[in-house]
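Here's the structure, in C-alpha cells; my notes come after.
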Amino acid sequence: MIRAIKGTRDILPPSSAAWNFVEEVSRDVFRRYHYQEIRTPIFEETALFARGVGEETDIVSKEMYTFADRDETSLTLRPENTAGVMRAYIEHRLDQIPGVTKLYYIGPMFRRERPQKGRYRQFFQIGAEAIGSESPYVDAEVIEMVVEILERCGVAGFHLLINSVGCPKCRPAFIGKLREKLAEVAPGMCADCRRRAETNPLRVLDCKVPEDQPVIETLPSILDHLCAECRTHFDTVQGSLSDRGIAYEVKPRLVRGLDYYRRTTFEITHGALGAQSAMMGGGRYDGLAEAIGSKVPAPGIGFSIGEDRLVMTVEESRPAVPALDVFVAPMGDAAAREAALIARELRAQGLSVEVSADRKLKRSLEVAHKSGARFAVILGDDEIAAGTVQWKNMASGEQIAVPRGELAARSKGMEHG
RNA sequence: GCGGCCAUAGCUCAGCCGGUAGAGCGCUGGAUUGUGGUUCCAGAUGUCACGGGUUCGAACCCCGUUGGCCGCCCCA
C-alpha cells in the first residue's frame, strides 16, 4: 500500500474549505494594501538558501531537501520563500520600478524535521514582502496587515511580540557582552543553556526553563545596546503600531533563527497550538540582497504565516458548511437527458447543482439529504409527459409541481452566498 | 537528530490470566416497483500496522521496522 510520505498529508473536504477561507481572506487583505502575487519556483539552486538563509542556521545545516540535478547542480526544495522572492526581485530588476515593491505568496515549503502536530515536512505559508524601503512605517504597516488577516479569519487570543535585533553595527558588540556575562553565569543554568552559551548565545535568551528565568533577567538586553539609528527605527515602529491601535508586547528575548534578520523582528503566538506556538514570524532583512549577490541594496521586511497552524485554529470555530443548492433526481433515461439540461440552466444562475448518478428515486433522495441539498428536482416519465418537474424543499418536505418552463424563474436568486 | 507514549473494521474504541475478533457510528440490501430524515429487519466489515522470535497455541509476551502523537532541538 502506497501512502503519503512521512510529514506530508492530504487536505480533504471539508477541511479544504477552511484552507480556501483563509486564503481568500488573505488575498482580499493583500489587495487592500496593494500587494500583488508572486509565484516563484518550488526549488532553487541550493546556494540561494545557503547564502540567503545562512549556513549556520538549523534550516540550512540539517533540514533541507537537497538533491543533485542530472547535470550535478545542487538543487533544494524551498524551506522558506523570502530568499526566492528576493532572488526574483534582483533577477528581474524590480528595483527599477518606482516605489516600494509589495509582493505576497501562498504555497508549500519543505523542511525535513521530525513531524508533530502543527509541524510538517511539507507545510504551507502565506507570506508578504515589502522591498525597497527602510522606513519604519513600512514595518508597522506590514505588521498591521498580518494582524488584520488573523482578525478577519476570526482568530482570537493571539499575541503579537516585537523586538529589534539590531544591525551589523551594534549586534556584534552586544553578542560580545552577552558571551562575557554567560561565561560567568552559564554553569548554573540548564544543560541546554550551557550548550547554547557556546553555540548560539542569543538562544539562551529564549530559554523557557523556569529555574533559569532569574538568571536570564540578569543578562544584557539587546535593546540597551542598539545603535542610535536602530533605536530610532524601533521607537518609530512602536509609535506607529500604537497609532494604528495594535496591541503588542516588546520581548527583548525574541530571537529569530534566520541569519538575514536586521532590526525589527516580530512573531505572533497562539495558545491553542501546543509546542509549536508560533503562528507567524517575520522581520526586516536589509542585508539579504547583498548576501545573495546583488550589487544594489534592497532593504525589505516581510512575514510568513504558518497556514497549517492558522487553519488549525480557524477550523475549530468555523465549521465548513456544504453549499449544495439543488439535487436533480431523474428516473429513467429520458429524465436523465432532461436533468442534464435542467442542471445547466440552474448552474447558469450561479446555483450549485448536482445530478444524481442513480436512477432509483429513493436512493437519489438519500444522497440528496446526505449532501445537504436545500432543494430536489424530481422528474420521471409522468413529469416529462406533463411538461413539469417536482420541486421539493428538503428541509420541510414540501413538494409542488412546477411547469418546466417556470423552473428557472422559481430558482432565481436562491443561490448560497 | 534525541527521549517518551501509541498502532484492532471507513471512524471512535472494547478485547480479562496467551486459547484464531467485538460494540457504537457509518456503509450495503430490504420493509416501501416514484420520495430522504425517524423506525424495524438483514448483511459485509478486518493480512489485529509490517517483519521476525518465544509458545502446542500470539491482537495480547520479546526484538526490529514503519507510521502517528507528545516533549526536546528548532521553527511556521
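Just so we're on the same page: letters track the sequence lines, and every chain starts at 1.
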Exercise. Roughly how many Å is it from NZ in K6(A) to P in A7(B), rounded to a whole number?
Worked result: 17 Å
Exercise. Between K181(A) and E184(A), is the closest basic N to carboxylate O distance under 4.0 Å?
Worked result: yes
For this session: Look at the side chain of R114(A) and the base of C72(B), then say whether one donor and one acceptor between them are separated by less than 3.5 Å.
Result: no
For this session: Please measure how far the C1' atom in C70(B) lies from the corresponding atom in C62(B), and state the result in whole Å.
Result: 25 Å
For this session: Please identify each residue that fulfils side-chain contact (heavy atoms from CB on, under 4.5 Å) with S240(A), with sequence neighbours left out.
Result: Y137(A), A140(A), R244(A)
With a 3.5 Å cut-off and sequence neighbours excluded, list the donor-acceptor pairs that the side chains of residues 152-163 of chain A form with protein atoms.
unit_1: R152(A); atom_1: NH1; unit_2: D28(A); atom_2: OD2; d: 3.1
unit_1: R152(A); atom_1: NH2; unit_2: D28(A); atom_2: OD2; d: 2.9
unit_1: H159(A); atom_1: NE2; unit_2: E249(A); atom_2: OE1; d: 2.6
unit_1: N163(A); atom_1: ND2; unit_2: P252(A); atom_2: O; d: 3.2
unit_1: N163(A); atom_1: ND2; unit_2: L254(A); atom_2: O; d: 2.9

For this session: Determine the interatomic distance between P on G10(B) and the same-named atom on C6(B); round to the nearest Å.
Result: 23 Å
Exercise. Without hydrogens or angle criteria, can the side chains of S371(A) and E354(A) be said to hold a donor-acceptor pair below 3.5 Å?
Worked result: no
For this session: Using a strict cut-off of less than 4.0 Å between a Lys/Arg side-chain nitrogen and an Asp/Glu carboxylate oxygen, indicate whether E148(A) and R32(A) qualify as a salt bridge.
Result: no
For this session: Write down the distance separating the P atoms in G29(B) and U33(B), rounded off to the nearest Å.
Result: 14 Å
Exercise. Counting any heavy atom closer than 4.0 Å, what does Y120(A) reach on the DNA or RNA strands: base, sugar-phosphate only, or nothing?
Worked result: base
Exercise. Which atoms form the tightest heavy-atom contact between P79(A) and M64(A), and what is the distance?
Worked result: CG-SD, 4.0 Å
Problem set entry | Spacing between D58(A) atom CG and A76(B) atom P, to the nearest angstrom | 11 Å
For this session: Check RNA chain B for consecutive Watson-Crick or G-U pairs with both distances under 3.5 Å and list the runs of at least three as stems.
Result: B:1-7 with B:66-72, B:10-13 with B:22-25, B:27-31 with B:39-43, B:49-53 with B:61-65
Exercise. Does the distance from a Lys or Arg side-chain N to an Asp or Glu carboxylate O, for E366(A) and R363(A), drop under 4.0 Å?
Worked result: yes
Seminar exercise, completed: Hits for side-chain contact (heavy atoms from CB on, under 4.5 Å) against F123(A), two or more places apart or cross-chain, chain-then-number order -> M109(A), R111(A), Y120(A), Q125(A), D308(A)
For this session: Please state whether the phosphate of G1(B), meaning OP1 or OP2, lies under 4.0 angstrom from any side-chain nitrogen or oxygen of R112(A).
Result: yes
For this session: Taking atom P in both G71(B) and G46(B), compute the distance separating them and give it to the nearest angstrom.
Result: 36 Å
Problem set entry | Pairwise C1' distance, G22(B) and U8(B) [rounded to whole Å] | 10 Å
Exercise. In whole Å, what separates the P atom of G26(B) from that of U12(B)?
Worked result: 15 Å
For this session: Give, ordered by number, those residues of residues 298-306 of chain A having at least one heavy-atom distance below 4.0 Å to an atom of RNA chain B; if nothing qualifies, reply none.
Result: S304(A), G306(A)
Exercise. What nucleic acid atoms does G282(A) come within less than 4.0 Å of, heavy atoms only: base, sugar-phosphate, or nothing?
Worked result: nothing
Exercise. In whole Å, what separates the C1' atom of G51(B) from that of A59(B)?
Worked result: 16 Å
Exercise. Contact class for M279(A) (heavy atom, under 4.0 Å): base, sugar-phosphate, or nothing?
Worked result: sugar-phosphate
Problem set entry | Check: E129(A)/Y89(A) side-chain N/O donor and acceptor closer than 3.5 Å | no
Exercise. How is G127(A) classified with respect to the nucleic acid when contacts are heavy atoms under 4.0 Å: base, sugar-phosphate, or nothing?
Worked result: nothing
Exercise. Looking only at N and O atoms, is any donor in the side chain of R119(A) or the base of A76(B) less than 3.5 Å from an acceptor on the other one?
Worked result: no
Seminar exercise, completed: Walking RNA chain B from its 5' end, the first of F123(A) and T8(A) to be reached, judged by nearest nucleotide, is T8(A)
Exercise. Pick one: which of R121(A), K62(A), R119(A) meets salt bridge (Lys or Arg N to Asp or Glu O under 4.0 Å) with E113(A)?
Worked result: R119(A)
Exercise. Is R404(A) salt-bridged to E345(A), going by a charged N under 4.0 Å from an acidic O?
Worked result: yes
For this session: Could you check if a side-chain atom of M331(A) sits within less than 4.5 angstrom of a side-chain atom of I378(A), using non-hydrogen atoms only?
Result: yes
For this session: Can you check each nucleotide of nucleotides 27-40 of chain B against protein heavy atoms at under 4.0 Å and return B for base, S for sugar-phosphate only, - for none, in 5' to 3' order?
Result: SS-S---BBBB---
Exercise. For atom P, what is the distance between U45(B) and U32(B), given to the nearest Å?
Worked result: 28 Å
Seminar exercise, completed: In short, K392(A) meets L365(A) closest at the heavy-atom pair CD-CD2, 4.4 Å
Exercise. How would you label the contact of E113(A) with the nucleic acid (heavy atoms, under 4.0 Å): base, sugar-phosphate, or nothing?
Worked result: base
